[in-house]
Amino acid sequence: MDTKKIILIVVLVAVIVFAIFGTILGFIFYKNNDGNNGNASKKKSSEQFYITLEDMYCNIKESKKIVRLKITVEISDKDTFEELQNKQFLMRDEINKIIRNKKEEELQGRDGQLALQSEIKNSLIKLFDNENITNIYFNDLIIQ
């Protein structure tokens, strides 16, 4: 019986030591990863600029319906932001061309919205020859 108690005490001490050791290692790794990721995300978010275009109304190809949308363009560079502030009319024109060539079915649903966002983003990057346009957001996208 004494042998069983000794083995039990050794096992419990070993479990406690491993738990403490694991907690310390986990805390160290978590702290290091959080510190690096936190700084990177703070830096990234502080470098983002946004241009929200006025409401747009566009005809849909082969349909009597129209699309009402409001778009925000995310930009990762201040110089690009300042340049595009003065060229909103070009962005609106390009977006209007894209939507006028879409059928109603292509604009519906989540997949339609994601495809449209991607197409608008790629088209604006090509138009301005600038990779600092990082995302397109729809504040409103209504088919009427």
Query raised in the report: Yes or no on side chain to side chain contact (heavy atoms under 4.5 Å, CB included) for I71 and N139, after CA distance, side-chain angles and deciding distance?
Result: CA-CA 6 Å; I71 294 178; N139 300 358; over 6 Å; no
Report task. Determine, stepwise, if the pair Q85 / I51 fulfils side chain to side chain contact (heavy atoms under 4.5 Å, CB included). Result -> CA-CA 7 Å; Q85 275 292 99; I51 297 175; 3.1 Å; yes
Report task. Given side chain to side chain contact (heavy atoms under 4.5 Å, CB included), test C58 with I66 step by step and report yes or no. Result -> CA-CA 5 Å; C58 307; I66 62 169; over 6 Å; no
**Report entry** Criterion side chain to side chain donor-acceptor pair (under 3.5 Å) on N135 and Y137, from CA distance to verdict
**Finding:** CA-CA 7 Å; N135 210 342; Y137 300 101; 3.3 Å; yes
Query raised in the report: Going through the distances and angles, do E47 and S76 end up as a side chain to side chain donor-acceptor pair (under 3.5 Å)?
Result: CA-CA 6 Å; E47 295 178 350; S76 64; over 6 Å; no
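K97 is linked by a side-chain hydrogen bond (donor to acceptor under 3.5 Å, both in side chains) to D93, counting only residues two or more places apart in sequence or in another chain. With sequence neighbours excluded, the residues that form a salt bridge (charged side-chain N to carboxylate O under 4.0 Å, His left out) with K103 are E62. Listed by chain and number, the residues in a salt bridge (charged side-chain N to carboxylate O under 4.0 Å, His left out) with K64 amount to none (sequence neighbours excluded). For Y57, there are no side-chain hydrogen bond (donor to acceptor under 3.5 Å, both in side chains) partners two or more places apart in sequence or in a different chain. Remark: F128 pairs with no residue by the ring pair (Phe, Tyr, Trp, His ring centres under 6.0 Å) rule, at least two apart or across chains. Evaluation of the salt bridge (charged side-chain N to carboxylate O under 4.0 Å, His left out) rule for K70 yields no partner, not counting sequence neighbours. In this structure, D79 has no side-chain hydrogen bond (donor to acceptor under 3.5 Å, both in side chains) partners at least two apart in sequence or on a different chain. Under the salt bridge (charged side-chain N to carboxylate O under 4.0 Å, His left out) criterion, R68 pairs with D140, sequence neighbours left out.
Separation of atoms CG (N86) and CZ (F81) is listed at 10.0 Å; rounding is to 0.5 Å. Atom NZ of K87 and atom CG of L127 lie 8.5 Å apart (nearest 0.5 Å). Summarising the geometry, atom CG belonging to N132 is positioned 13.0 Å from atom CG belonging to L124; distances are rounded to the nearest 0.5 Å.
Residue pairs meeting the salt bridge (Lys or Arg N to Asp or Glu O under 4.0 Å) criterion with at least one partner in residues 9-24, sequence neighbours excluded, are absent.
V17 belongs to a hydrophobic cluster whose remaining members, ordered by chain and number, are I9, V13; membership requires side-chain heavy atoms of ILVMFWY residues under 4.5 Å apart, directly or through intermediates. The hydrophobic cluster analysis finds F18 isolated: no Ile, Leu, Val, Met, Phe, Trp or Tyr side chain comes under 4.5 Å of it, directly or through other members.
For the pair E54 and R92, the minimum side-chain heavy-atom distance is below 4.5 Å. Residues L84 and I75 form a side-chain contact, since some pair of their non-hydrogen atoms from C-beta on lies under 4.5 Å apart.
Here the closest heavy-atom approach between residue N96 and residue M56 is recorded as N-CE, 3.9 Å.
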For residues 109-122, please give each side-chain donor-acceptor pair under 3.5 Å, one per line with the distance, not counting sequence neighbours.
| residue | atom | partner | partner atom | Å |
| --- | --- | --- | --- | --- |
| Q117 | NE2 | I136 | O | 2.9 |
| E119 | OE1 | K102 | NZ | 2.5 |
| N122 | ND2 | S118 | O | 3.2 |

